[in-house]
Amino acid sequence: MKRKLYLLTAMMTIILVSCSVSYKFNGASIDYTKTKTITLVDFPNRCSYVWGPMAPLFNNALKDEFANHTHLSQVKRNGDMKIEGEITQYSQRNKSVSSEGYSAQTELSMTVNVRFTNNANHQEDFERQFTASQVYETTKNLNSVQEELVTEMVKDIVNQIFNATVANW
């Protein structure tokens, strides 16, 4: 009886180990046999209104996204994929008006122009703009909410760029 139990346990272990399934939920669909490297060129801030930390915040977030969610090596030049561009717009406008006729909410928006080159498949190359916006109460000073709002917009735009370039949804 012990021998049968031992044999059954051993067989179940072998079956469980040999039938493993691996899922990846990072969204990337990259053929790593053709694509091993990526060049992420720093995006300069070309807006008429400039908030100093915005470009470094964006560039670091973009590099982190690809480092954390792909197996691509980031190289300075001649990557199998290349992402470059510039931050082209950063502005605010009145979003809503209170019953007294004053601005109640302000919308802050950011636009990034992206040029994507896939040297393994040039049919996927594109140039396009990605935009994100955040709303804040006009009673708040922009300086007090700017870092939080820009961080959220950067996350949104980086996610859009990642999905457009390597997720192929």
Side-chain angles (χ1 to χ4, degrees), residues 16-93 95 105-136 140 142-169:
L16 287 174
V17 169
S18 65
C19 293
S20 65
V21 177
S22 175
Y23 293 101
K24 290 185 179 179
F25 293 105
N26 63 14
S29 58
I30 300 168
D31 182 355
Y32 288 102
T33 60
K34 296 178 183 174
T35 307
K36 296 178 181 355
T37 60
I38 187 166
T39 299
L40 298 167
V41 180
D42 280 347
F43 284 51
N45 191 341
R46 299 231 169 93
C47 308
S48 56
Y49 174 67
V50 175
W51 181 59
M54 185 166 43
L57 186 71
F58 174 80
N59 290 314
N60 290 335
L62 187 63
K63 290 173 184 174
D64 288 348
E65 184 76 9
F66 281 87
N68 294 333
H69 295 104
T70 70
H71 297 296
L72 297 172
S73 297
Q74 293 183 22
V75 294
K76 296 277 186 199
R77 289 181 197 81
N78 302 323
D80 297 323
M81 292 180 169
K82 182 178 183 182
I83 299 175
E84 61 186 329
E86 50 279 329
I87 302 168
T88 58
Q89 185 261 332
Y90 179 61
S91 63
Q92 57 182 335
R93 67 179 183 88
K95 178 73 174 170
Q105 291 182 319
T106 301
E107 181 180 63
L108 191 63
S109 66
M110 175 180 174
T111 301
V112 176
N113 187 57
V114 175
R115 289 176 298 283
F116 173 67
T117 306
N118 183 344
N119 291 313
N121 182 2
H122 284 290
Q123 292 179 348
E124 294 180 358
D125 295 358
F126 67 78
E127 179 171 2
R128 70 184 208 218
Q129 295 187 336
F130 298 90
T131 301
S133 60
Q134 291 286 314
V135 176
Y136 68 97
K140 296 180 181 176
L142 176 59
N143 290 332
S144 68
V145 296
Q146 188 164 226
E147 184 173 357
E148 177 186 347
L149 298 177
V150 170
T151 300
E152 287 303 312
M153 290 187 296
V154 163
K155 283 181 191 175
D156 186 3
I157 292 173
V158 164
N159 191 32
Q160 291 176 51
I161 294 169
F162 184 85
N163 287 337
T165 55
V166 298
N168 295 330
W169 285 93

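Excluded from the calculations below are hydrogen atoms, water molecules and symmetry mates; all remaining heavy atoms, backbone and side chain alike, are included. Index from 1, following the sequence.
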Value rounded to 0.5 Å, distance of CD in Gln92 from CD in Gln134: 13.5 Å
Side chain proximity check, His122 to Thr117, heavy atoms < 4.5 angstrom: yes
Spacing of Leu57 atom CG and Thr151 atom OG1 [to the nearest 0.5 Å]: 4.5 Å
CD1-CG distance between Ile30 and Leu72, expressed to the nearest 0.5 angstrom: 4.0 Å
Pairing residues for Pro44 by the side-chain contact (heavy atoms from CB on, under 4.5 Å) criterion, not counting sequence neighbours: Arg46, Glu86
Between CE on residue Met110 and CG on residue Leu149, distance to nearest 0.5 Å: 12.0 Å
Side chains of Thr70 and Phe162 in contact at under 4.5 Å (non-hydrogen atoms): yes
Which atom of Asn59 lies closest to which atom of Phe43, heavy atoms considered: OD1-N, 2.7 Å
From NE2 (His71) to CD1 (Ile38), nearest 0.5 Å: 14.0 Å
With Asn45 via side-chain hydrogen bond (donor to acceptor under 3.5 Å, both in side chains) - residues at least two apart: none
Residues which pass side-chain hydrogen bond (donor to acceptor under 3.5 Å, both in side chains) with Thr39, listed by chain and number, not counting sequence neighbours: none
Distance-only donor-acceptor pairs under 3.5 Å for side chains of residues 75-82, two or more places apart:
| residue | atom | partner | partner atom | Å |
| --- | --- | --- | --- | --- |
| Asp80 | OD2 | Lys36 | N | 2.7 |
| Asp80 | OD2 | Thr37 | N | 3.1 |
| Asp80 | OD2 | Thr37 | OG1 | 3.3 |

Residues that Ser133 engages under side-chain contact (heavy atoms from CB on, under 4.5 Å), provided they are two or more places apart: Glu107, Ser109
Distance (rounded to the nearest 0.5 Å) between Gln74 CD and Phe66 CZ: 8.5 Å
Parallel, tilted or perpendicular, as decided by the 30° and 60° cut-offs, for the rings of Tyr49 and Tyr90: parallel
Beyond-backbone contact of Phe58 with Val150, side-chain heavy atoms, under 4.5 angstrom: no
Results of side-chain contact (heavy atoms from CB on, under 4.5 Å) for Ser144 - residues two or more places apart only: Lys140, Asn141
More than 12 heavy atoms of other groups within 6.0 Å of Glu127 CD: yes
Partner residues of Gln105 under the side-chain hydrogen bond (donor to acceptor under 3.5 Å, both in side chains) criterion, sequence neighbours left out: Ser96, Glu137
Listed partners of Lys155 passing salt bridge (Lys or Arg N to Asp or Glu O under 4.0 Å), at least two apart: Glu152
Heavy-atom pair of closest approach, residues Ala164 and Phe126: O-CE2, 3.7 Å
All side-chain contact (heavy atoms from CB on, under 4.5 Å) counterparts of Asp156, not counting sequence neighbours: Ala132, Gln160
Results of side-chain hydrogen bond (donor to acceptor under 3.5 Å, both in side chains) for Asp42 - residues two or more places apart only: Lys63
Partner set under ring pair (Phe, Tyr, Trp, His ring centres under 6.0 Å) for Phe130, not counting sequence neighbours: none
Heavy-atom pair with the smallest gap, counting every atom of Asn118 and Asp125: N-OD1, 2.7 Å
Pair Asn113-Gln129, side chain to side chain contact (heavy atoms under 4.5 Å, CB included): steps then yes or no: CA-CA 4 Å; Asn113 187 57; Gln129 295 187 336; 3.5 Å; yes
Ring pair (Phe, Tyr, Trp, His ring centres under 6.0 Å) involving Tyr136 - partner list, sequence neighbours excluded: none
Heavy-atom pair of closest approach, residues Val158 and Leu62: CG2-N, 3.9 Å
